[in-house]
Amino acid sequence: MAQFMDVHHDMKGITADQLREAHNADLAIEGDERVHFQRAWADPESGLVYCLSEAPSAEAVQRIHERAGHKADEIHAVPLSV
């Protein structure tokens, strides 16, 4: 499986509870697309949220995010990590 980092813009003021709720919404349905969301980070001041996942494709990641109610603005493949 490939890794992906996706970015959500315009989430200024997001709280830890809201981030957890959004992440849990993804986790609840991720198996439908063989996606696994590993972790999420947020900067409430800038409104940026980042999610790291393993998935068969960026499209699969986007489908889960859309169904969970928070479409990603960017999805980037992460072919190398250390």
Side-chain angles (χ1 to χ4, degrees):
M1 287 268 201
Q3 276 196 317
F4 296 92
M5 178 70 72
D6 62 74
V7 184
H8 304 262
H9 300 274
D10 301 323
M11 297 187 89
K12 201 167 197 157
I14 190 170
T15 66
D17 286 339
Q18 291 169 322
L19 180 63
R20 189 174 302 105
E21 183 179 307
H23 185 65
N24 286 340
D26 290 326
L27 295 177
I29 58 173
E30 67 182 10
D32 294 351
E33 296 279 349
R34 297 184 320 131
V35 174
H36 175 59
F37 288 94
Q38 299 172 319
R39 190 155 185 163
W41 300 265
D43 178 1
E45 206 168 297
S46 70
L48 292 173
V49 171
Y50 304 92
C51 302
L52 181 66
S53 62
E54 287 185 341
S57 67
E59 292 80 15
V61 172
Q62 187 68 283
R63 285 191 294 270
I64 294 298
H65 274 325
E66 286 177 350
R67 286 180 50 205
H70 43 264
K71 181 179 177 183
D73 295 300
E74 305 170 36
I75 301 177
H76 305 277
V78 182
L80 294 174
S81 63
V82 293

Quick one: list whatever passes side-chain hydrogen bond (donor to acceptor under 3.5 Å, both in side chains) with D73, sequence neighbours left out.
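side-chain hydrogen bond (donor to acceptor under 3.5 Å, both in side chains) check on D73 returns nothing, list empty.
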Going only through I, L, V, M, F, W and Y residues with side-chain contacts under 4.5 Å, is there a path from [X] to [Y]?
{"X": "W41", "Y": "V7", "answer": "yes"}
{"X": "I29", "Y": "L19", "answer": "no"}
{"X": "M1", "Y": "V78", "answer": "no"}

How is the hydrophobic cluster of L80 composed, in terms of its other members, when Ile, Leu, Val, Met, Phe, Trp and Tyr link through side-chain heavy atoms under 4.5 Å apart, directly or indirectly?
none
Under 3.5 Å, is there a donor-acceptor pair between the side chain of E30 and the main chain of F37?
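Judged by distance alone, yes, a pair lies under 3.5 Å.
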What distance do [X] atom [atom1] and [Y] atom [atom2] have between them, rounded to the nearest 0.5 Å?
{"X": "D26", "Y": "D6", "atom1": "CG", "atom2": "CG", "result": "8.0 Å"}
{"X": "S53", "Y": "R39", "atom1": "OG", "atom2": "CZ", "result": "14.5 Å"}
{"X": "L27", "Y": "Q38", "atom1": "CG", "atom2": "CD", "result": "11.0 Å"}

Which residue pairs pass the salt bridge (charged side-chain N to carboxylate O under 4.0 Å, His left out) test when at least one of the two sits in residues 47-65, sequence neighbours left out?
E33-R63
Derivation of the side chain to side chain contact (heavy atoms under 4.5 Å, CB included) call for Q62 and F4
CA-CA 11 Å; Q62 187 68 283; F4 296 92; over 6 Å; no
With sequence neighbours left out, what residues match D17 under side-chain contact (heavy atoms from CB on, under 4.5 Å)?
T15, R20
List, one per line, each side-chain donor-acceptor pair under 3.5 Å for residues 42-49, sequence neighbours excluded.
| residue | atom | partner | partner atom | Å |
| --- | --- | --- | --- | --- |
| D43 | OD1 | E45 | N | 3.1 |
| D43 | OD2 | S46 | OG | 3.0 |
| S46 | OG | L48 | N | 3.3 |

Checking H8 now: which residues fulfil ring-ring contact (aromatic ring centres under 6.0 Å, His included) with it, not counting sequence neighbours?
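With neighbours one apart ignored, the set is H65, H70.
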